[in-house]
Amino acid sequence: MDNAEITTPTFIHKEVAEDLRSGRFTYVRTRLPPEPNGYLHIGHVKAWLIDYTIARDFGGELYLRFDDTNPAKEETEFVEAIKEDTQWMGIEWTKVTFASDYFDQLYEWALRLVKKGLAYVDDQTPEEMSAGRGTLPRGTKWSETEVAVQPGVESPYRNRPVEENLDLLERMKRGEFPDGSRVLRAKIDMAHPNLVMRDPVMYRIMHAHHHRTGKKWCIYPMYDWSHGQNDSMEGITHSLCSHEYIIHRPLYEWFLEQLDEFRSRQIEFSRLNLTYAMMSKRRLRKLVETGVVRGWDDPRLTTLRGLRRRGVSPQAIRTFIAQVGETRNDTWVEMSVFEASVRDDLNKHSPRRMAVLRPLKLVIDNYPAGQIEEMEAVNNPEDPDAGTRKVPFSKVLYIERDDFRDEPPPKYHRLFPGNEVRLRYAYLVTCTGFAQDPETGEVTEVHCTYDPATRGGNAPDGRKVKSTIHWVSVAGAAQAEVRLYDRLFTVEQPDAAADPDTITNPDSLEVLTGCFVEPLLAQVTAGERVQFERNGYFCADPDSAPGKPVFNLTVTLKDSWAKFEHQK
RNA sequence: UGGGGCGUUGUGUAAUGGCAGCACGACAGACUUUGGAUCUGUUUGUCUUGGUUCGAAUCCAGGCGCCCCAGCCA
């Protein structure tokens, strides 16, 4: 990975540097903490990049640790997908681990707390526990709550003798009790103002098959009783997480203090909110399952797989994340910022090609029939090293329907009767007329004459034209499918919409099958990125076959004419 | 309501006591063999009220606003 995205040191950099200076830590080790229950999306990438860059910038290590503490939700399938997506981002880890690797050691640590009288087995029902916490039923909005949060009520089982707790915990572990019948809780403070500290659950009983430990365990640790302990066991110095965990930090620290183990440090940052992007795993899953999108890699999704299929490069994503910065503010980043990063990257690296998406035949009446010339075209004006290529030119061409008007609106500079334009890298042509379907009035072909003295696009007499249009010669043209994408959602915050079913944009996908592309594009490999001149950046889809390319729109070029025209 | 967190332009982010800068967007212009590349310019901001100070986005005090938490999810 290059360092292009590094800008100002972030507040986390400063904290870490201070920890090193003060001697709190003598090295740096961070971790990526995915739960293997879904695919990575752009929101994860922010966290991934923070962990990655902190480790890298301080010469430290990065572990990839799967947080597989809930066998009811997690699957092996996602483990491989997450590794793959992480690698695609160019993020290198030094070690792969699983929370489940530490189940035995974690259990030993739990016994230690029980023996110290700091944890107990509670036989209350979930409802009793919730009530005892001194809170209102789940679903109650804080704003609707009129009474102050009351101190909790201690469980009747709270002061069980240590021996009894040890016995019950062992039997929970062996599977003697049904799911939900008992839990192990830390004994902290039922009157604590922070609800997280009111005797949090450490283990729950789950007779479930775990993707790595099978049937070995009948109890599984909660996040709070696993994550920090795993951090400690692995010698993670900085456990970087999103802001919502900030209220868990006192508990994170309490456990490590009571255990007298290595004290990792949790630092929180705000998660990425991107307008028009859906990040909720549950909602994404529903889109996939109900067929609103074609899969987790649908190019309209901001999953990593979706972005990859769409044609977005890892570098563009890194640049974007660097631009977004890293603070504790609650923010909404506009999609346009992301698109700008994508354009910037693609502009530098994408070879230019000509493609006609909505073809209209252009006949050059004075061009010799049967003649084919090879015109030289620049591959990338931004990159001289990209060289040139030959594009065949002939009497009959395809141009964009949009590049011809029989009755031009004001300030329209493209082709219309009597107007001269440049065919890119070819000749100046003057429109002489057009043919229409007598029934529909639809323009079926356009006629023009060319000036043989303008080969390459420049007139010896120095005359100028106001417009250059792209074209594809009928001779040699390859037919292509092009999939155009618009935003999937009609609202800026799809995760917050009350009714997710009403916010999808019915026009988010438009499939064009009769497109023509220059001969070079007949053979493409999936993932190949190009710019279709004057149109946008496109990426060859895995659905492509030899001679039958399929392209996905990554992002359009900025189009000031379209903007001008729409304003009227 | 208890606890926690956050307030710099339309959006995001710099500036840690010394000219409020940058990016995206918007607007205007230049240039152009991509009207779409490129370049230039313009516009709009320190939540509020006081205090300390020669000087405050920054320090102090009060107020206001927004976000998060009452899973045996993570």
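- Comparing B:C72, B:A23, B:U34 by their closest approach to the side chain of A:Gln323 singles out B:A23.
- Across all strands shown, A:Lys411 has heavy atoms under 4.0 Å from base atoms, whether or not it also approaches the sugar-phosphate.
- In this model, the phosphate group of B:A26 is approached by a side-chain N or O of A:Lys563 to a distance below 4.0 Å at OP1 or OP2.
- Separating the CZ atom of A:Arg328 from the P atom of B:U13 is a distance of 14 Å, rounded to the nearest angstrom.
- Between A:Tyr223 and B:A74, no base-stacking contact is recorded for ring centres under 5.5 Å apart and planes less than 30° from parallel.
- Side chain of A:Arg204, nearest nucleotide from B:C73, B:C69, B:C24: B:C73.
- Judged by distance alone with a 3.5 Å cut-off, a donor-acceptor contact links the side chain of A:Gln531 to the base of B:U34.
- Dashed line: the shortest gap from a side-chain N or O of A:Arg249 to OP1 or OP2 of B:G4 is not under 4.0 Å.
- Among the protein residues, A:Glu533 comes within range of the nucleic acid bases, having at least one heavy atom under 4.0 Å from a base atom.
- A gap of 15 Å separates the C1' atoms of B:C27 and B:U9, to the nearest Å.
- Residue contacts for A:Tyr245: at a heavy-atom cut-off of 4.0 Å it reaches a base atom on one of the strands shown.
- With B:U34, B:A23, B:A74 as the candidates, the nucleotide lying closest to the side chain of A:His248 is B:A74.
- Nucleotides B:G55 and B:C22 place their C1' atoms 25 Å apart, quoted to the nearest Å.
- Here the P atom of nucleotide B:G4 and the CG atom of A:Asn194 are 8 Å apart, to the nearest Å.
- Residue A:His413 is classed as a base contact, given a heavy-atom separation below 4.0 Å to a base.
- Going from atom CZ of A:Arg353 over to atom C1' of B:A37 covers 17 Å, rounded to whole Å.
- The phosphate of B:A74 has neither OP1 nor OP2 within less than 4.0 Å of any side-chain N or O from A:Arg65.
- Here A:Asn535 lies out of heavy-atom contact (under 4.0 Å) with every strand.
- For A:Asn70 and B:C72, the shortest distance from a side-chain N or O to OP1 or OP2 is not below 4.0 Å.
- A close approach under 4.0 Å does not occur between any side-chain nitrogen or oxygen of A:Arg422 and OP1 or OP2 of B:U32.
- Taking atom CZ of residue A:Arg343 and atom C1' of nucleotide B:U34, one finds them 14 Å apart after rounding to whole Å.
- In terms of modelled atom types and a separation under 3.5 Å, the side chain of A:Glu326 and the main chain of A:Thr10 share no donor-acceptor contact.
- Here B:G71 is the nucleotide among B:G5, B:A26, B:G71 with the atom lying nearest to any side-chain atom of A:Met222.
- Contacts of A:Glu492 with the nucleic acid, taken as non-hydrogen atoms under 4.0 Å apart, are absent.
- Distance from the side chain of A:Ser130 is smallest to B:G71 among B:C69, B:G71, B:G25.
- Not a single donor-acceptor pair under 3.5 Å links the side chain of A:Thr331 to the backbone N or O of A:Val333.
- Minimum atom distance to the side chain of A:Thr327 is reached by B:A14, of the listed B:G12, B:A14, B:G3.
- Salt bridge A:Arg271/A:Glu244: present, at least one basic N to carboxylate O contact under 4.0 Å.
- When distances are taken from the side chain of A:Val324 to each of B:G35, B:G12, B:G5, the shortest belongs to B:G12.
- Looking at heavy-atom distances under 4.0 Å, A:Pro34 makes no contact with the nucleic acid at all.
- Side-chain contact annotation: A:Ser226 with A:Asn230, donor-acceptor N/O pair under 3.5 Å present.
- Taking the six-membered ring where tryptophan is involved, the planes of A:Phe103 and A:His210 are perpendicular, since the angle between them exceeds 60° and thus also 30°.
- Using atom P as the reference point in both B:A61 and B:U40, the two lie 45 Å apart (nearest Å).
- Listed candidates were B:C72, B:C69, B:U34. Nearest to the side chain of A:Arg534 is B:U34.
- Across the protein-nucleic acid pair, A:Gln150 atom CD and B:C69 atom P stand 21 Å apart, rounded to whole Å.
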Atom pairs, protein N/O to nucleotides 7-10 of chain B N/O, distance under 3.5 Å:
residue : atom : partner  : partner atom : Å
B:G7    : OP1  : A:Asn329 : OD1          : 3.1
B:G7    : O5'  : A:Asn329 : OD1          : 3.2
B:G10   : N2   : A:Glu334 : OE1          : 3.2

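- Distance from the side chain of A:Pro126 is smallest for B:C72 among the nucleotides B:C72, B:G5, B:C73.
- Closest approach to the A:Arg414 side chain among B:A15, B:G35, B:U38 is made by B:G35 (side chain taken as heavy atoms from C-beta onward).
- Counting any heavy atom pair closer than 4.0 Å across all strands shown, A:Ile247 reaches a base atom.
- Glycosidic conformation of B:G71: syn, with the torsion inside 90° of 0.
- Note on A:Phe11: nothing from the nucleic acid sits closer than 4.0 angstrom, heavy atoms only.
- At least one side-chain nitrogen or oxygen of A:Thr69 sits closer than 4.0 Å to the OP1 or OP2 atom of B:A74.
- At the phosphate of B:C72, OP1 or OP2 sits under 4.0 Å from a side-chain N or O atom of A:Arg133.
- Defined by atom type and a distance below 3.5 Å, a donor-acceptor pair is present between the side-chain atoms of A:Tyr427 and A:Glu373.
- Annotation: the span from A:Cys241 atom SG to A:Glu268 atom CD amounts to 5.0 Å, rounded to 0.5 Å.
- In this structure, A:Tyr398 contributes its side chain and A:Val517 its backbone to no donor-acceptor pair below 3.5 Å.
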